[in-house]
Amino acid sequence: QQQQHDVFEERHLRFISPLGKGNFGSVELCRYDPLGDNTGELVAVKQLQPNKQANMVDFQKEIQTISSLHCDYIVKYRGICYSAGRLSMRLVMEYLPYGTLIGYMEKNKRNINNRRLLLFASQICKGMEYLQSLRYVHRDLAARNILVASDTLVKIADFGLTKIIPFDKEYYRVTKSGESPIFWYAPESISEYIFSHKSDVWSFGVVLHELFSFCELSRNPKRLSLQQLGADLRGPMMAVQLVNVLKDNWRLPSPPLCPPKVYSMMLQCWSLNSEDRPTFCQLQDLIESSIQDERE
Ligand SMILES: C[C@H](Nc1nc(-c2c[nH]c3ncc(Cl)cc23)ncc1F)C(=O)NCC(F)(F)F
C-alpha cells in the first residue's frame, strides 16, 4: 500500500558523523534542525553508496518495507529526504544512541546477566513474530543488525534483504546469492536459496548463540564454522562443505556458561528439516520459561 512519507528538507539535515556501511548503503548521524538552533532531533540517515545507483530499486523496496513496519522492537522509520542535487533519495530513521548490539555487548558484557540476554532474545523474537504476521522474511537476522535503544530495549534493523512471501507460497526463492552471510543461513537457504519464516528461525538460533557468547569475536559463528571446515576452503566449496557438516549433524557448540535449556532452544532452531524448527510463537514461550528459571 502506498505510504504517506514525512519529507525532510535537505537544507535542514545537518551531517554530524558517519555511523557505518550496510549491504549497499551507508548510514550517517544527522541533526534535523529546521530552527537552526541545535534543538532539532538526531536522526540516522541511510543513502546509497554513490557508485551503487543500480540498487535504487532495492533501496526503494527497503524504504517501502521499513515505512510499513510499526513495532516497538523494530527500528522506527521517520521519513525520506529528496536530494535536489543527486537523483537519489535518503531514508531517515530514528537514531538509537546505544548503537549496535555487538558494540554494546563488548562494552557492557561484564554487567549483563542471563535474564537480560533472555529479555533481548524475547524482544527480537517479538519483532520477528510481527514481521512474520506481515509475511516478511528478514533474511539477514544477525547480531550485527540489532540495535540497542536502552539498557533494556533492543530493535531489529537493516531491512535491505527483507522480502515478502507471495500469498500462494510458504517460501521465497532468490536468484542470486550475493555476498551472503551463509554462517547465519539455514541449509535450504545455502543450497537452494529458499527463504521462509523457518529459515529466519534458524538465523534467530544463531543470534541466540551470539547473545550468549556476548558477541565475542573469538566465538563468532563464522570463525567457529571455519574452524570446523578447515579454513582452506573458499567460495562455493565452502557453502557445499558447510551444508555437508550440518547434514553430518555438526552444530555451533554451546557457549560457555550457557544454560542447557537455552542451548537446546538453539538446537531446535537448527533442525535440519525446517518443519521441525519451532515457530517464533513457540520460541517466545520457551524464552519466557527460561526467564522464570533464571528468576529462581
Ligand atoms: C549501516 C549502519 N551501520 C551502523 N549503524 C549504527 C547505528 C547506531 N545507531 C543507529 N541508529 C539507527 C540506525 Cl539505522 C543505525 C545506527 N552504528 C554502527 C553501524 F556500523 C546500519 O544500519 N547497521 C545495521 C543496524 F542498524 F542494524 F545496525
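Just so you know, ligand 1 is whichever comes first in the structure, and atom 1 is the first atom listed for that ligand.
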Under 3.5 Å: N or O atoms of ligand 1 paired with protein N or O:
residue  : atom   : partner : partner atom : Å
ligand 1 : 9 (N)  : Leu96   : O            : 2.8
ligand 1 : 11 (N) : Leu96   : N            : 3.0

Exercise for the section: Mark yes or no for whether Asn145, through its side chain, and Leu141, through its backbone, hold a donor-acceptor pair below 3.5 Å. Expected result: no

Handout entry: Rounded distance [0.5 Å steps], CG in Leu147 versus CG in Leu153
Key = 10.5 Å

Exercise for the section: Return yes if some donor-acceptor pair links the side-chain N/O of Ser189 with the main-chain N/O of Tyr185 below 3.5 Å, else return no. Expected result: no

Problem - Main-chain N/O of Arg277 paired with Lys198 side-chain donor or acceptor, under 3.5 Å - result: yes

Problem - Under 3.5 Å side-chain donor-acceptor pair for Gln47 and Ser26 - result: yes

Problem - Cation-pi check, Arg139 onto Trp184 ring (under 6.0 Å, within 45° of axis) - result: no

